[in-house]
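Some notes on the structure that comes next.
Fair warning: this is a prediction, and the values are worked out from it, not measured in the lab.
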Amino acid sequence: MTPAPVLDVRVVTKVYGMGETAVHALRGVSLRVDQGDYVAIMGASGSGKSTLMNILGCLDVPSTGNYLLDGTDVGSLDEGQQSILRNRKIGFIFQSFNLIPRMSALANVELPLAYGGVRGSTRRRRALAALDQVGLADRVDHEPNELSGGQQQRVAVARALVTAPALLLADEPTGNLDSKSTTDVLGVLDRLSLSGRTIALITHEDDVAAHAKRVIRLVDGQIIEDRRQAPVDGPPPRFAWTAEGTR
Amino acid sequence: MTYTEILRFALRGLSANKLRSGLTTLGILIGVGAVILLVAVGNGSSLQIQKNIQRLGANSLTVLKSTSGGGGGGGGGFRALFGGGGQTQQSNGPRTQAHDLTVEDAKALADPSGAPSVKSASPVVNDQSATATYQGSSHAIGQLVGTYPGYFEAANKILNTGTAFTMDDVTNARKVMVIGTTVGTALFGTTDPLGKQVTVAGVPFTVVGVLKTQGGSGFQDPDDVAIAPLSTVQQSLTGFSGLNQIVVQATGSTTVDSAQSEVTAILNQRHGIGGSVTADFQILNQAQLQSTVASSSQTFTVLLGAVAAISLLVGGIGITNIMLVTVTERTREIGIRKAIGAPKGAILGQFIAEATVLSLVGGILGVAAGVAGSQFTIVGVTPVIVPSSIVLALGVSVAIGLFFGSYPANRAAKLRPIEALRHE
């Protein structure tokens, strides 16, 4: 087994508001995700999966409990250290792509490297490699509004993985995509999983969850199901099937 | 994250909304341009006034008969207001008549043993209503001066053609005259006035010289002048009453003040001033006049600058306003940047850089506009740019960018990423 899990969530709770109007979004969630795993977190709207995602992505802090990312206790970090952590350890993929408008695909992918302090030619080379990995080597100079939804999401995936993060965090990455683009993006994620990336994916679609090696179901802020679909160090379950569509 | 990168992000942000950036820049442009231009106008007019004063004569003092002085009583300084009132201490005594300024006064002032700092003292009589005619054309001379030859130097009257009259002309009361260019043009047009005869009040004067054009924008045209020997003017025009003034020239610019005290001492003695008798003359010192005018025109310049500074401030508030709008509008972008690991400093830097670029570009264009605008004559004033005003206006515009940009930038940097990301 790997020495330290990528994600180690220990009895985390999150409460919004106070007193009688307090909303308990998470009621003691514990979760360990090892290197190379591909986890789908499922749940209906209001189940707390977005809150969990925000905590996992260091965008929010838990009310109680600890969260260790790649061995580091996030709760003990200040704001500056958190931004460095987000930059180095986490790659975000959002439902609405969240590319920065009026910047070329290449510039968007270079952005995390720029904030991480990577210089000039190295940055460009790594960004081009990331875009090539998602199959967009011929679209590097296009701005987001010149790309289809699927292409935009693949640029976002390239941006997420360009820093070689410990964890790829995808929040309903296919929620705004048609079925063809969904297949494309999931194919990219499968291949990333195959190459050993740790991926946490939030979704409410069973089809999407079927790609993950492990499915966690969240109801009312608690984990009610934790099902393994494929071994941590093996290929993702649907890989052979999706490989056809993307190659 | 290097500074050039932050700057590049800032430029990209600004170019995304060119019209808005342009209008914001315009606010600063107008402010900076106005500061430079208005200070230049103030400075130009003050220089012009100083030049006009210098034109009156370098290092010269003008002694005038004081209409209010010479009273027999009164308390010291209250000569004009209370001299004739019931408050006089010697109410039973007769009022002594104020002495006129005389040619003898002038001669005493010119005596080097009594007044070593005085180079020359020229008695002056004026005729303000003389009309000169020449072959049917006539011209009302603004100022007909009867004086000694020393007046030319003392009053800074320089001859262009011909010669000044001499002391010999004065002694013999020759009917000769030196005229200014305004008089020359009015009477002679393009013909050379030298040697021609001009008739003033029935007396024919021969023009022996023409003065150099002095020009001026004051209330009085310094070229509308005719200068003739004192004796001639007194004989034929003004009569032999007192002098209008004595123009005293000091030996140098450093001796003006000592010349003034010598003149005061001599005239006090000659006119019996002292004790309860207040002076019946007054001395105008060009240097004093100059410093008085300089200080008042400086006030004027400061006032103009202040008005312009207000418009610069308004431009600065415009920057804050636009940057706040930009931050609100780009909240989501800020959220994305933070989510992918932008440190607080990078966001802060980007927005401050945007504000500073706006104000700096506006400032540079404003300097260009101010400099270009000051090439023109504005309401009769040729603006003279004060270099420090350029530096100041440019510096202030950058400071405005930093200052007025820091509040919106801080707001952007402090945004919490999850809230910024939720923003639509």
Side-chain angles (χ1 to χ4, degrees), chain A residues 14 16 25 50-61 78-104 107-120 123 143-145 156 158-163 165 169 171, chain B residues 1-22 322 325-354 357 409-424:
Chain A
K14 181 71 186 178
Y16 293 110
S50 288
T51 304
L52 182 59
M53 153 93 183
N54 288 335
I55 289 171
L56 293 183
C58 303
L59 297 174
D60 208 349
V61 285
D78 64 23
E79 206 189 318
Q81 289 168 319
Q82 278 188 23
S83 68
I84 293 170
L85 195 73
R86 281 200 293 272
N87 186 259
R88 304 238 174 103
K89 304 267 181 172
I90 301 169
F92 273 105
I93 301 162
F94 300 95
Q95 178 175 4
S96 47
F97 324 139
N98 279 351
L99 298 178
I100 293 179
R102 293 179 295 270
M103 277 173 77
S104 71
N108 262 292
V109 176
E110 278 187 14
L111 200 58
L113 295 175
Y115 286 129
V118 179
R119 292 296 177 87
R123 193 161 84 196
E143 291 185 1
N145 57 5
R159 182 180 65 185
L161 62 87
V162 74
T163 53
L169 210 49
D171 186 6
Chain B
M1 211 49 202
T2 61
Y3 289 109
T4 45
E5 262 158 11
I6 289 179
L7 193 64
R8 196 164 353 119
F9 284 149
L11 290 177
R12 196 177 275 145
L14 291 177
S15 62
N17 208 325
K18 292 192 182 67
L19 179 66
R20 184 198 287 172
S21 304
I322 283 305
V325 171
T326 304
V327 168
T328 309
E329 200 180 67
R330 281 157 61 187
T331 299
R332 197 178 170 84
E333 180 191 322
I334 295 164
I336 300 168
R337 286 177 186 271
K338 288 202 147 187
I340 62 174
K344 202 171 164 178
I347 302 287
L348 190 70
Q350 180 182 343
F351 284 92
I352 284 187
E354 282 190 24
V357 165
N410 236 316
R411 240 169 76 156
K414 276 199 194 133
L415 280 172
R416 294 179 58 203
I418 75 169
E419 276 155 22
L421 276 173
R422 278 194 204 119
H423 186 92
E424 282 301 329

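- For B:Arg422 and A:Ser50, the side-chain atoms include no donor-acceptor pair closer than 3.5 Å.
- B:Ile340 CD1 to A:Ile100 CD1: the interatomic distance, rounded to the nearest 0.5 Å, is 5.5 Å.
- Taking CD1 from B:Ile418 and OG1 from A:Thr51, the interatomic distance works out to 8.0 Å, rounded to the nearest 0.5 Å.
- In this structure, CZ in A:Phe92 is found 13.0 Å from NZ in B:Lys338, a value given to the nearest 0.5 Å.
- Of the inter-residue distances, the one linking B:Ile336 atom CD1 with A:Phe94 atom CZ reads 7.0 Å to the nearest 0.5 angstrom.
- The contact between A:Leu99 and chain B is made entirely by backbone atoms, counting heavy-atom distances below 4.5 Å.
- The number of heavy-atom neighbours closer than 6.0 Å to CD of A:Gln81, taken from other residues, nucleotides and ligands shown, is above 12.
- In this structure the side chain of B:Pro417 never reaches within 4.5 angstrom of the side chain of A:Gln82, judged on heavy atoms.
- Only the side chain of A:Arg159 comes within contact range of chain B, judged by heavy atoms closer than 4.5 Å.
- B:Glu419 CD to A:Asp60 CG: the interatomic distance, rounded to the nearest 0.5 Å, is 8.5 Å.
- For the residue pair B:Ala346 and A:Tyr115, the shortest heavy atom distance occurs at CB-CE2, 3.6 Å.
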Residue pair A:Arg102, B:Glu333: steps toward the salt bridge (charged side-chain N to carboxylate O under 4.0 Å, His left out) verdict: CA-CA 11 Å; A:Arg102 293 179 295 270; B:Glu333 180 191 322; 5.3 Å; no

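- Residues A:Ser83 and B:Pro343 share a closest heavy-atom pair of OG-CA, 3.7 Å.
- Counting heavy-atom pairs under 4.5 Å between each of A:Leu59, A:Leu113, A:Asn98 and chain B puts A:Asn98 at the top.
- Among all heavy-atom pairs drawn from A:Ser96 and B:Arg332, the shortest one is OG-NH2, 2.8 Å.
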